Chemist: 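Before I ask anything, let me first share the structure, which is written out below as structure tokens.
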Amino acid sequence: MKKIGLDVGGTNTDAVLIEENRVIAAVKTPTTTDVTSGVLNAIVALRKKAPLDGIDALMLGTTHFTNAVIERRGLSRVGALRICLPSCASLTPGEDWPDDLREAIDPMCFLIEGGHEYDGRPIVDLDVAAIEVAAREMRTAGITAAGITSVFSPLNNAFERQARDILGRVAPEIAVTCSFELGRIGLLERENVALLNAALSRHGKDTVEAFEEALARSGLDAPLYLTQNDGTVMKAGRAARYPVFCFASGPTNSMRGAASLSGIDNAIVVDVGGTTSDVGHLLNGFPREANNVVEIGGVRTLFQMPDLISIGIGGGTVVAPDGSRIGPKSVGYRLPEEALVFGGETLTLTDIAARAGTIALGDVSRTTALGTELVDSVRREVGRRIEETVDRMKTSPDPVTVIAVGGGAFLVPESMSGVSMVVHVENGDVANAVGAASAMVSGEVDQIVTGMTRQEALEHCEALARRRAVESGADPATLRVVEREDIPVSYLPGDARRVRVRAIGSISVQRADSDPVV
Amino acid sequence: MREFPEDDIAPLATGAWVLGTGGGGSPYHGFLNLRKLYRQGHRVNVIGAEELDDDAMVAVVSNMGAPVVGLERIADPATQVGAIRMMERFLGRRFDAIMALEIGGGNALQPFTAAALMDLPVIDADSMGRAFPEAQMTSFSVGKLQMFPLTLQDIRDNAVIVERAASWKWMERLSRKACVEVGSIAATCKAPRSGAEVKTWGIRGTVAKAVRIGRAIAAARAAHEDPVAAVVEQENGLLMFTGRVWDVERNTTEGFLRGRVELEGLQGDKGRRLSVDFQNEYTLATCDGTPLVSVPDLICLLDSVSGEAIGTEMLRYGQRVSLIALPAPPVFTSPDGLACVGPRCFGHDMDFISVFA
């Protein structure tokens, strides 16, 4: 099975060709402002290294959508429709966002009568007329995306679906995101995810179209998948509708890639990029999941995300000439012009590493003015920060293995306290792309079960999730359950409970012609 | 009397969540509501119980119901004001101050948001020193004070007054039924208290205690130190177990969230299993069938990394948690206290032995 893995980062676009889990070719190219040509350049560069015939799938990870939220750009104004009255009136949508994000998204808020009780009864009847009015007002205001949230929609999504239908009828040009499709119980956090998704809907569509255009122009005839936060893939068309599912796919891919390249399934992964280092915990080949709430660009969200710590250490991190300050500023994608070794005038961590001899690149003679003492003290401080972050990520005092990946992996010291060994791997600088290429497929169940004990209900749903994963193209031998959640629903007969189960597995080689849909 | 500073709103919420012992609902929405009220110019004054006149009349407030409902049906301060005003109309007299029924969880913020709208002071005291699931589990009940009347306001136009109740248990049963009927969440104003009663039976200094715990957690996080250890040290607690959530079983009965969480040990507790029972709050931790710590000692489950409390409705497979115990307020460890809130009140057939004994 031949796959191309792509990672479109803020600085670089990496591409790898993988055959039967072996890296055949890898390239690193600069990311361009024009998405299409950046991806196309990467594929063209890859083709120069290896023939690209008979590709089964192209799997792409991107930080585009996260960066859009963090940098507050490419976000559309949204309509925020919350079906909740007469409850929840004191806090409006966006109440807990940072001010600049609220200004960027500028939500047009509507609180509507409706929502459900914990036991499935409606709080009050849905105010259909108010939704029609809201839809017309959004239309008049030129709003093109809306997020709909209803009280207890994870238990009963009828009102969100009804509202979506009304919007579709009155204002068909509005792209609608329903919160029940994205999040768990926790109204504000679920609403935040829905509104971020809505705010990104135009950007998502444009970006995915650009990816598809690049693929078409490259002459490759393979289906395009985007990788998700949990290390599984979805078809490009679905990604365009749910960009939030790509939010943390970058770190997930680098961790999965680190596992695949090293053959180590349990370790701390340090992924050093141009601007930041992401540190995560690899457990059985997958990133450890964050507990509860995860903030994205200062906004509380509640959905499946890897547990990460990011620090401002990267290859492009700017160092004060006397070494007194390291970061957090970075030259980022301008590294090839601004670093001393590349003929620039800014002292960066890349220059320090070149001077110390840990990497060989550029013109090292341009760093001879740097004293040994300065170089050593900067390296010690960088090592200390990485060591401390690794330690924060650990769950026990026992020594751990660290896998260092990313373009700046040379910054990770060879020995750290509490670390048994530091593993550097071949092609570690393109671990993200390798991780994308090794993404899995999943099968999901989310339904209300009655007339079974809890044990029976869980077993029933697990079996169903496994079957769905296999039907989507997963290799049965690699299947495992990654999510299991049940919530009792009272007042319904037969010990009703809502059960969510997710099973994932590797793409089956035998089923290469199948259609892995997530 | 002193003005409650805006900077203490976040620590109050963090500390109250720890004292919630898994229940009382997350204070996050209360925090947002209070912060919004402060930004609109409202302010709250805090007074010590000793500053009350003996014949002052105090409103004891709480949002009653299942915590998980509060995650979706966000408490509106105006609903709480409705319950207090209802009580004033019923009694024909105005309140002089407001206090929390329980300092644990979201109910710590409930008197503050109502006070901000009503211009009344909040008393630095409560009647649980933590959170408990049932209304008779208070220091006022231990003191055998009068348990009626009670007002209950829902988000719609439903308002209930329980004029009399035969006992604290009856008050709980009657009000719980009404609460479940309106969606398992409602704002209540409990039996009013005189200043003298608050001084004798109120658990004092609990607002300050919550703020103190919240500040300790924030300081430890800022210094990259262990916030769990900071809480244990600050409040003379005990670290009982470090592990991860292995399984959670929940059932909702009679408006309560009941169940059990199984933990698998990590670090020093590797190889050990712990199970923790809950009825809204954590009530009993057992290891291989042997009770380790039980109510009324406080059983707090904290995120091992952030120190943030984890409510029984937020438990999820894989979470890294630390279980700590904090000492019970003395009023609950007396024979009368244990009759109200001892292990048997939660269905555990055992005598209370404090881990701090």
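Because only heavy atoms are used, hydrogens play no part in the values below, and waters and symmetry mates are left out as well, while side chains stay in. Predicted, not measured: the structure shown is a model, and the values here were computed from it. First the proteins, then the strands, lettered A, B, ... as listed; each starts at 1.
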Chemist: Tell me whether B:R260 at atom CZ has more than 12 heavy atoms from other residues, nucleotides or ligands lying less than 6.0 Å away.
Modeler: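 Check fails, neighbour count at 12 or below.
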Chemist: Mind listing the closest non-hydrogen atom pair of B:D247 and A:R454 along with its distance?
Modeler: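 Heavy-atom minimum between the residues: OD1-NH2, 3.1 Å.
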Chemist: Got A:I185 and B:E313 here, is their nearest side-chain heavy-atom distance under 4.5 Å?
Modeler: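 No, side chains not in contact.
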Chemist: Can you sort out the partners of B:H29 under ring-ring contact (aromatic ring centres under 6.0 Å, His included), two or more places apart, ordered by chain and number?
Modeler: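 Residues passing ring-ring contact (aromatic ring centres under 6.0 Å, His included) with B:H29: none at all.
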Chemist: At a heavy-atom distance under 4.5 Å, which candidate from B:V245, B:V305, B:V248 has the highest pair count against chain A?
Modeler: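 Heavy-atom pairs under 4.5 Å are most numerous for B:V248.
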Chemist: How close do B:A75 and A:S90 get, heavy atom to heavy atom, and via which atoms?
Modeler: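 Heavy-atom minimum between the residues: O-OG, 3.7 Å.
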Chemist: Might you point out which heavy atoms bring A:E117 and B:V182 nearest each other, and give the distance in Å?
Modeler: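 Result for this residue pair: OE2-O, 3.6 Å.
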Chemist: Please state whether the side chain, the backbone, both or neither of B:R35 comes within less than 4.5 Å of a heavy atom of chain A.
Modeler: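 Contact with chain A involves the side chain of B:R35 alone.
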Chemist: Using a 4.5 Å cut-off on heavy atoms from C-beta on, say whether the side chain of B:I155 contacts that of A:L85.
Modeler: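 Contact flag for A:L85/B:I155 side chains = no.
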Chemist: Once rounded to the nearest 0.5 Å, what's the spacing between atom SG of A:C84 and atom CD1 of B:I74?
Modeler: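 Answer for the SG-CD1 pair, A:C84 versus B:I74, is 7.5 Å.
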Chemist: Side chains of B:K36 and A:T92: does their closest heavy-atom pair fall under 4.5 Å?
Modeler: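 Result yes, sub-4.5 Å side-chain heavy-atom pair found.
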Chemist: Do B:R73 and A:Y118 meet the cation-pi criteria used here (NZ or CZ under 6.0 Å from the six-membered ring centre, within 45° of the axis)?
Modeler: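 Negative - B:R73 is either too far from the ring of A:Y118 or too far off its axis.
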Chemist: Examine whether an atom of A:E191 lies under 4.5 Å from a heavy atom of chain B, and if so say whether it belongs to the side chain, the backbone or both; otherwise answer neither.
Modeler: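 For A:E191, neither part sits under 4.5 Å from chain B.
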Chemist: Please flag which part of B:D154 lies under 4.5 Å from any non-hydrogen atom of chain A: side chain, backbone, both or neither.
Modeler: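 Neither; nothing under 4.5 Å.
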Chemist: Are side-chain heavy atoms of A:H116 and B:E72 found at a separation under 4.5 Å?
Modeler: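 Not in contact.
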Chemist: How long is the gap from CG on A:L91 to CG on B:N33, to the nearest 0.5 Å?
Modeler: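 Separation between the atoms: 4.0 Å.
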Chemist: Using non-hydrogen atoms only, which part of B:Y28 is less than 4.5 Å away from chain A: side chain, backbone, both, or neither?
Modeler: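 Side chain only.
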Chemist: Are B:L32 and A:L188 side-chain neighbours, meaning at least one heavy-atom pair lies under 4.5 Å?
Modeler: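 Counting from C-beta outward, B:L32 and A:L188 do come under 4.5 Å.
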